[in-house]
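Chain naming here is simple, since letters A, B, ... match the order of the sequence lines and numbering starts at 1 in each. Below, all heavy atoms of this structure are taken into account, side chains as well, without hydrogens, waters or symmetry copies.
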Protein chains: 2
Amino acid sequence: MDVIGGKWKVLILWALNERTCRFGELRRMVPGITEKVLASHLRELEEDGIVHREAHEEVPPRVEYSLTPLGAGLNDALRPLGAWGREHILTDTGRPSA
Amino acid sequence: MDVIGGKWKVLILWALNERTCRFGELRRMVPGITEKVLASHLRELEEDGIVHREAHEEVPPRVEYSLTPLGAGLNDALRPLGAWGREHILTDTGRPSA
DNA sequence: CGGCATCCACAAGGATACTG
DNA sequence: CAGTATCCTTGTGGATGCCG
């Protein structure tokens with residue numbers, strides 16, 4: 001929970017699960033996230049060994065993020081939870097669903 | 001993530017997964033949690049249909065909390081994640097692990 | 001015993017502007 | 001393009017005290 005505690009962590013993980021992404025791509029793939037949050041989450045994920053960051057020293061700059069095996073495993077462990085969520089989302093709407 | 005977003009939600013779920021518990025029991029089973037947080041989390045969990053609250057109108061008061069089928073399903077979906085966590089906890093310690 | 005009300009503190013997240 | 005720096009708002013959780 002600590003590792004995926006961020007508000008957008010799992011979304012990032014999901015996006016990355018599909019394919020390697022650049023910073024800008026992720027920003028677009030996770031609507032509503034700000035650069036700062038994306039950057040910090042990415043950094044934390046990297047420090048936790050969940051994602052791999054590969055910077056290409058060229059112009060224009062290009063940085064690609066991908067899942068590490070560890071991250072893939074995490075995503076795998078996350079999948080049942082995601083399935084559960086989709087199964088019951090908007091079905092039991094008892095709360096404001098902030 | 002919304003449903004289990006609370007800091008202690010999953011711990012409560014885990015405790016409840018083993019058996020029906022009273023308020024005081026939960027408070028003891030989740031070390032460090034305060035009554036307020038436990039109460040509010042419990043309430044949210046109840047509103048989300050995850051736990052069942054059964055109050056016995058007697059003295060001394062007794063309230064028992066148990067998992068609903070939905071909650072059991074959630075806990076089930078959570079288990080792989082828990083397994084992953086235990087597998088890698090304190091193994092990759094790259095961060096302060098706040 | 002079980003729980004709510006109030007107040008408080010901190011950190012996470014969001015917006016904007018700026019840099020290499 | 002890919003961040004970083006700053007500031008601010010908010011939510012979440014913590015402490016205490018009171019009530020049925």
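Taking atom CZ of residue R53(B) and atom C1' of nucleotide dG2(C), one finds them 8 Å apart after rounding to whole Å. Put simply, CD on E57(B) is 11 Å from C1' on dG2(C), counting in whole angstrom units. Atom CD of E58(A) and atom P of dG3(D) are 13 Å apart (whole Å). If you take OH of Y65(B) and P of dC1(C), they are 15 Å apart, rounded to a whole angstrom. In this entry the distance linking CD1 of I12(A) with C1' of dG3(D) reads 14 Å, nearest Å. As rounded to whole Å, 16 Å separates atom C1' of dT12(D) from atom CD1 of I4(B). Rounded to whole Å, atom P of dT12(D) lies 13 Å from atom CE of M1(A).
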Inset, instruction - I would like to know whether C21(B) and E64(B) meet side chain to side chain contact (heavy atoms under 4.5 Å, CB included); could you show each step before the answer? - result: CA-CA 5 Å; C21(B) 292; E64(B) 294 192 326; over 6 Å; no
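Residue P61(B) has its side chain nearest to dC1(C) when only dC1(C), dG14(C), dG3(D) are considered.
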N/O donor to acceptor pairs below 3.5 angstrom from side-chain atoms of residues 67-82 of chain A, sequence neighbours left out:
{"unit_1": "T68(A)", "atom_1": "OG1", "unit_2": "G49(A)", "atom_2": "O", "d": "2.6"}
{"unit_1": "T68(A)", "atom_1": "OG1", "unit_2": "I50(A)", "atom_2": "O", "d": "3.0"}
{"unit_1": "T68(A)", "atom_1": "OG1", "unit_2": "L70(A)", "atom_2": "N", "d": "3.3"}
{"unit_1": "T68(A)", "atom_1": "OG1", "unit_2": "G71(A)", "atom_2": "N", "d": "3.0"}
{"unit_1": "N75(A)", "atom_1": "ND2", "unit_2": "L13(A)", "atom_2": "O", "d": "2.9"}
{"unit_1": "D76(A)", "atom_1": "OD1", "unit_2": "R79(A)", "atom_2": "NH1", "d": "2.8"}

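Residues L42(B) and L26(B) have side chains in contact (heavy-atom distance under 4.5 Å, counting atoms from C-beta outward).
Interface residues of residues 26-40 of chain B facing DNA chain D, ordered by number: T34(B), E35(B), K36(B), V37(B); criterion, heavy-atom separation under 4.0 Å.
To the nearest 0.5 Å, the span separating CG on L11(A) from NE2 on H41(A) amounts to 10.5 Å. The CG atom of D48(B) sits 12.0 Å away from the NE2 atom of H88(A) when rounded to the nearest 0.5 Å.
Remark: side-chain polar atoms of E25(B) are paired, donor with acceptor, to backbone N or O of R22(B) under 3.5 angstrom. Counting only distance, with no hydrogens or angles, the side chain of K9(A) and the backbone of V3(A) share a donor-acceptor pair below 3.5 Å.
Within 4.0 Å (heavy atoms only), H41(B) reaches sugar-phosphate atoms of the nucleic acid but no base atom.
Within the structure, every side-chain polar atom (N or O) of R22(A) is placed at least 4.0 Å from both OP1 and OP2 of dC1(D). In this structure, W8(B) does not reach the dT12(D) phosphate: none of its side-chain N or O atoms is under 4.0 Å from OP1 or OP2.
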